[in-house]
Amino acid sequence: MIDLFQPQAGDGELAAVAAVFTDRWLGHGPRSTAFEAAFAHHIGARPEHVLFVNSGTAGLFLAAELLDLAPGDEVVLPSPSFVAAANAVVRAGGRPVFCDVDSRTLNPSAEDVEAAVTSRTKAVVVLHYGGYPGDIARIADRCRTAGLTLVEDCACSVASRVGGRAAGTFGDLAMWSFDAAKVMTTGDGGMLHVRDAGLAVRARRLAYHGLVRPTGLGSAQVSGRWWELDVPEPGRREIGNDLTAAIGAVQLARLPAFIARRKEIVGLYDQELAGFDAVRVPPGLPAGHTSSYFLYWVQMAARLRDQVASALFRDGIYTTFRYAPLHKVPAYGADGPDLPGAEQAAAETLCLPLHPGLADADVRTVAAALRKAVESAH
């Protein structure tokens, strides 16, 4: 099977894990702090504003909690988003309101977001679809003008930039995912960026049970009764650990090579599918935009898409569609307005295998099988 995703980890990551075992501390500690600092440098932020958490989903839930949503507060997000984003809003006490997207890029425009904003809107969550940063600069400007908190879901966009500025630094809050399918991985893990200094302190506290000061050996240096608790508000345990941080540090160093290979694969797909009018490849990037190339999606007539996916699966090629339109999910009401861009994309889009483990021959095999499947479908 040619898989959609495949993590890239090897001797460097194994050596980093071995060093953690040698040091006999696997929990949140100096390697977690060092990984936060390295990632902060990567996105151009201060380390104290960046927190290593145990999953991207934990980052979304923590970001939603920091919004301090009241009953009736709404949060706008694009319908084609991962389910965790809507779950986080609901669990924080808010109501997700879904906006439309461009049917080709699957990213919302500033106008798409504005069309869903009401007097009850408290925040906006934007996913950078497939690693392509989209209209984030304009959306950020409109949110600032309207006094809305902007959360960037950067799960797909660990290396994406607009005008040299990292995705995740346009809004007020941002999270990245490092699960096994992502461009870089720690197995499970994520990163949270909080622009406001005071809120960053609160985020770090909430991520570790709400404790003002962690208990344990380190706190013994600053308190005569280090076992006593100071918990001004309840939190959860969402912090990352040194074992996964050690893997993350190696992955971050390898990130430029990962991105370079993904870009080559995207170029090869574009080349192999050029002139095949029955299939549309992803739109080109606007000037000044840099992608993380997390997804490569093709689009075709809706009547063909499912047949093509099944034919490719029979040929040993795994494809899928990410992400299902959330405005059609019963848990979120499923009674909102029609969103034609999102619905067209959901009916016509198929994501092809994309990861650095693909050889050029694999890419050509996928492209040839796709051509054959489309031509055979009826």
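Everything quoted here is computed from the prediction, not taken from an experiment. What's counted below: heavy atoms across the whole structure, side chains too, no hydrogens, waters or symmetry copies.
Under the 3.5 Å distance criterion, with hydrogens and angles disregarded, a donor-acceptor pair is assigned to the side chains of Ser292 and Ser160. No side-chain donor from either of Glu152 and His193 sits under 3.5 Å from a side-chain acceptor of the other.
Note that CG of Asn54 and OG1 of Thr186 are 9.5 Å apart. Values are rounded to the nearest 0.5 Å. Atom CG of Asp362 and atom OG1 of Thr365 lie 6.0 Å apart (nearest 0.5 Å). Residue Glu74 holds its CD atom at 11.5 Å from CZ of Phe98, rounded to the nearest 0.5 Å. From Phe35, atom CZ reaches atom NE2 of His28 across 11.5 Å, with rounding to the nearest 0.5 Å.
Salt bridge absent: Arg91 and Glu65 never bring a charged side-chain N and a carboxylate O closer than 4.0 Å. The pair Glu233-Arg202 counts as a salt bridge, with a side-chain nitrogen and a carboxylate oxygen less than 4.0 angstrom apart. Under a 4.0 Å N-O distance rule, the pair Arg138/Asp141 does not qualify as a salt bridge. Ion pairing between a basic and an acidic side chain is recognised when a charged N comes within 4.0 Å of a carboxylate O; Glu48 and Arg204 show no such pairing. For Arg261 and Glu264, the salt-bridge test passes: some basic side-chain N is under 4.0 Å from an acidic carboxylate O. For the pair Asp315 and Lys372, the salt-bridge criterion is not met [side-chain N within less than 4.0 Å of a carboxylate O]. For the pair Arg305 and Glu348, the salt-bridge criterion is not met [side-chain N within less than 4.0 Å of a carboxylate O].
Hydrophobic cluster membership is shared by Leu295 and Met184, with clusters built from Ile, Leu, Val, Met, Phe, Trp and Tyr side chains linked at under 4.5 angstrom.
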Q: Check step by step if ring-ring contact (aromatic ring centres under 6.0 Å, His included) holds for Tyr293 and Tyr269.
A: CA-CA 12 Å; Tyr293 302 106; Tyr269 271 134; over 10 Å; no
**Q.** Step-by-step salt bridge (charged side-chain N to carboxylate O under 4.0 Å, His left out) determination, Glu272 to Arg371
**A.** CA-CA 10 Å; Glu272 292 295 310; Arg371 283 176 173 266; over 6 Å; no
Q: For side-chain hydrogen bond (donor to acceptor under 3.5 Å, both in side chains), just list the numbers for Ser109 and Asp112, CA-CA rounded to whole Å, side-chain angles, deciding distance to a tenth of an Å, and then say yes or no.
A: CA-CA 5 Å; Ser109 67; Asp112 289 324; 3.1 Å; yes
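Leu77 places none of its side-chain heavy atoms less than 4.5 Å from the side chain of Asp153. Two residues are said to be in side-chain contact when any heavy atoms from C-beta on lie closer than 4.5 Å; Lys182 and Val158 fail this criterion. The closest side-chain heavy-atom distance from Pro282 to Tyr296 is below 4.5 Å. Side-chain contact check for His42 versus Val50: every heavy-atom pair is 4.5 Å or farther apart. Counting only heavy atoms from C-beta outward, the side chains of Tyr332 and Val90 approach each other to under 4.5 Å. Phe276 places a side-chain heavy atom less than 4.5 Å from the side chain of Val374.
Of all heavy-atom pairs between Ala203 and Val194, the closest is CB-CG2, 4.1 Å.
Remark: the backbone N or O of Ala257 is not paired with any side-chain donor or acceptor of Arg262 at under 3.5 angstrom.
Applying side chain to side chain donor-acceptor pair (under 3.5 Å) to Ser32 and the options Asp242, Asn241, Thr244 leaves one that passes, Asp242.
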